[in-house]
Amino acid sequence: MTEEKVKKTKKEKASSKAEGKEQHTFQAETKELLNLMINSLYTHKEIFLRELVSNSSDALDKLNFQALTKPELLEDDGELKIILDVDKEAKTLTISDNGTGMTFDEVIQNIGTIAKSGSQAFLKSLQEKDDIELIGKFGVGFYSCFMVSQKVVLISRAAGKKEGTRWESTGDGTYTIEKDDKKSRGTEIVLYLRDEVTDSSNPEEDFSNQYTIQNLIKKYSDYIRYPIEMDFHREEYPKDKNGIYIKDAKPEIIIDHKVLNSQTPIWEKNKKDITEDEYFQFYKHHFHDWNEFADVIHSKAEGTIQYTTLLFIPSRAPSNLYDKNYSQGIHLYSNHVFVMRDCKDLLPDHLRFVRGLVDSQDFSLNISREILQHDQQLKVIGKNLEKKVLDALAGLLKNKREKYEEMWDEFGKAIKGGIYMAYKNKEKLQDLILFPSSYSGGKLTTLREYVDRMPKGQSEIYFASGKDIDSIQRMPQLEAFKAKEIEILYFVDKIDEFLTQNLDEYDGKKLKSITREGFDLDKVLKDKDKEAEDKKDKKKKDEKDKTEEKDEFAEKTKKYEDLLKTIKIHLGDKVNDVRLSKRLTTSPVCLVATTSGVTFNMEMLMKSAKQITPRAAKILEINPNHKIFEVLQKLHKEDPNSPQIKNASNILFYQAMLIEGYELENPVEFSNQMAQLLVEAYK
Ligand code: ADP
């Protein structure tokens, strides 16, 4: 019997003698989770080891952190490490650490009562996606050991405390807990392995095989920065003085003590030596994101300030990215020692989705958030990181468009926020933004691509805002653009229109809303047509056309001045003006905003955000070539005071409002007017 085992047996005896053994029942959710673990058919059972080792590593980190203010905690118990012990005969695997440990109450808290939300969320995610690997994400990783164990014994002693605690469960719905005379600080977890995972004919799933364990540590936990040690037992026949094996002699048990992990933090390794999968393993467990990242930035700065950076651009946004209390940031390490999580002073707010860490020997171990805000070094590092992230994003956009667009879906709003906040890196940010456009039925485009596609005569960038692509595509104001194939950017994001306050031009071209008044559509169309024509003729013809059409339009407007006035009177202060439209080809009416002030979209947004809302000035444009206009003229001719004109004016106005996406303030009135109209029509 090995010394270790003798100790264990003594311990078990001591514990069974101990008074005050309590039996507790797990909560319903925990029971359900345990049941699932025990009956799991999941093939990657091996992940239990990664979960337990990373718990140990966390416990060592915690101890290190506590020792910053209480160095006496580190006094006994030697070097910080994790020890694995495999007993093939007894079919046990023991994982021990001399980390922070747990008190009696903490064991009940952390191991007996798992976070209700965690287990529920995990069970739900399992139903949706049968992947036990995700267990660590939900703060219930410890329970994965029940996939391989028929019984689990946890013995722990908190740092600085005299007394230990022993917890035991077979996963059947109850556990026992009692005091224990554990001699040293830390936690020891003994797994009594199930038969099916100790089968030597299937070495990959034989967790009583030391070499299997060694491989798993290499695979999942190599970068853990504390040594993970194991004694390897092998039998060797004794040799005589000539080095020849002695026949019939009893083999000796030789113990090789090995450190299983390289301990080099991944960010200190040479980039060339790190596989994509290694980065991913690290990313997953460090940042609890199980989606593959979009890009990784790994670099070393050797200048006056030396530091190493490992940043990840995720592919999915956490659900709370746009919440006010979103608190994730960059982790700080000083010479591989973790000193602060979620430092938000390194990257500007609009890049807050970037995850990662910076390790610099220049960071002090007891750095505080207040000091950080004024830290010049940190400012320099931050500036460099920002540049690197922006460059990486530009690289993704250029070389991995599909990935970039996926990422854009998740983080685009945040990046646009940088422009909205008039951030200094506008030059770079404006080349990173994407908008859906009419060019290819709503596919995303950059401003650069738009400008490169602009026909010669076009001198402005056109956009239309609305709540989604469909509703923009149905906008009557778009008709003429569609007919002439002039590209329009679709502003469908709430922030887009506000963006133009700081991004009013790109590459010398003004960004222009097609739904504002004074929009010289004639000029746009002419400019486009101009291109195809011979230069000389063009000029003459242009001028002629222009004056002809201008005259025609002006004439029309004059002719119907009275009718337009009447409609305006009927609509009162709902509109600022009523005009004939040049931009409509098939629709009867549309609303147009004035050149300045809030637009319709802004008005609706502010209203929905319950802000004090300035009213967008509205101009009702009527299509002079539409049948309805003929009808109005006829009515007006017969009787300028006809109540039917009033009714029709209101209905047309409400229709234009609905097309813009407004909610009608008085839907009952609208409905009555419509009914009145129907009565007259069918009379
Ligand atoms: P998570 O580690 O994600 O919080 P776990 O279910 O793996 O979820 O562990 C639950 C808690 O139990 C941990 O948060 C930690 O407080 C405690 N714990 C687990 N293992 C150890 C250990 N080796 N040393 C100290 N505390 C531990």
Side-chain angles (χ1 to χ4, degrees), residues 24 26-27 29-34 36-37 47-67 73-74 77 80-85 93-123 125-126 132-149 152-161 163-169 171 175 177 180 182 184-191 217 220-221 224-229 284-290 338 341:
H24 292 236
F26 287 114
Q27 306 151 288
E29 288 85 6
T30 318
K31 268 193 214 166
E32 200 179 333
L33 183 64
L34 283 170
L36 211 133
M37 289 297 139
I47 56 132
F48 78 92
L49 187 61
R50 176 192 74 196
E51 296 299 325
L52 295 187
V53 166
S54 85
N55 279 351
S56 286
S57 164
D58 287 349
L60 292 163
D61 275 343
K62 275 185 209 157
L63 181 70
N64 249 334
F65 194 69
Q66 291 161 338
L73 288 180
L74 284 176
D77 301 328
L80 299 185
K81 60 177 147 182
I82 299 166
I83 297 176
L84 304 183
D85 181 62
L93 169 63
T94 305
I95 296 111
S96 329
D97 63 68
N98 52 357
T100 180
M102 286 175 273
T103 61
F104 192 90
D105 288 344
E106 281 166 346
V107 172
I108 297 183
Q109 263 293 313
N110 300 334
I111 304 294
T113 345
I114 41 171
K116 222 175 165 177
S117 57
S119 49
Q120 259 166 1
F122 175 61
L123 289 171
S125 123
L126 264 188
I132 285 184
E133 260 230 64
L134 296 175
I135 191 162
K137 189 178 171 185
F138 297 94
V140 289
F142 172 78
Y143 290 89
S144 62
C145 63
F146 282 98
M147 282 194 292
V148 297
S149 320
V152 176
V153 176
L154 175 146
I155 304 154
S156 192
R157 196 176 114 182
K161 297 280 185 298
E163 211 169 49
T165 304
R166 180 192 165 95
W167 176 100
E168 192 176 319
S169 177
Y175 64 87
I177 185 161
D180 189 273
K182 187 175 190 316
S184 54
R185 172 195 72 218
T187 303
E188 176 181 317
I189 297 170
V190 189
L191 308 181
I217 294 293
Y220 291 115
S221 315
I224 296 278
R225 63 187 192 89
Y226 304 96
I228 303 172
E229 299 179 354
K284 275 201 292 200
H285 296 291
H286 239 74
F287 302 108
H288 294 276
D289 180 4
W290 267 247
F338 176 75
R341 61 178 301 121

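Computed from a prediction, not measured in an experiment: that's the story for all the values here. Order of listing sets the numbers, starting from 1, for every ligand and every atom in it.
In this view, I83 and K81 satisfy the side-chain contact (heavy atoms from CB on, under 4.5 Å) rule, not counting sequence neighbours. Partners of K62 by side-chain contact (heavy atoms from CB on, under 4.5 Å), not counting sequence neighbours, listed by chain and number: T100.
Looking at T100 next to ligand 1, no N or O pair under 3.5 Å apart turns up. Of the N or O atoms in F142, one or more lie within a sub-3.5 Å distance of an N or O in ligand 1. The shortest N or O to N or O distance between D58 and ligand 1 is not under 3.5 Å.
Relative to atom 18 (N) of ligand 1, the option among E51, K62, M102 with the closest non-hydrogen atom is M102. Considering each of V107, N98, N110, I82, the one bringing a non-hydrogen atom nearest atom 10 (C) of ligand 1 is N110.
Of the heavy atoms in T187, only side-chain atoms (C-beta onward) come closer than 4.0 Å to ligand 1. Contacts of I111 with ligand 1, taken as heavy-atom pairs under 4.0 Å, involve the side chain alone. No part of I189 comes within 4.0 Å of ligand 1, judged by heavy-atom distances.
In summary, R157 and D180 do not engage in a salt bridge, as defined by a charged side-chain N under 4.0 Å from a carboxylate O. A salt bridge is absent between K31 and E29; no separation between the charged side-chain nitrogens and carboxylate oxygens falls under 4.0 Å.
Of the possible donor and acceptor atoms, none in the side chain of Q109 sits under 3.5 Å from a partner among the backbone N and O of E106.
Using modelled atom types and a 3.5 Å distance limit, the side chains of D85 and T94 yield no donor-acceptor pair. There is a side-chain donor-acceptor pair under 3.5 Å between D61 and Y226.
Heavy-atom proximity to G141, at under 4.0 Å, picks out these atoms of ligand 1: 5 (P), 6 (O), 7 (O), 8 (O).
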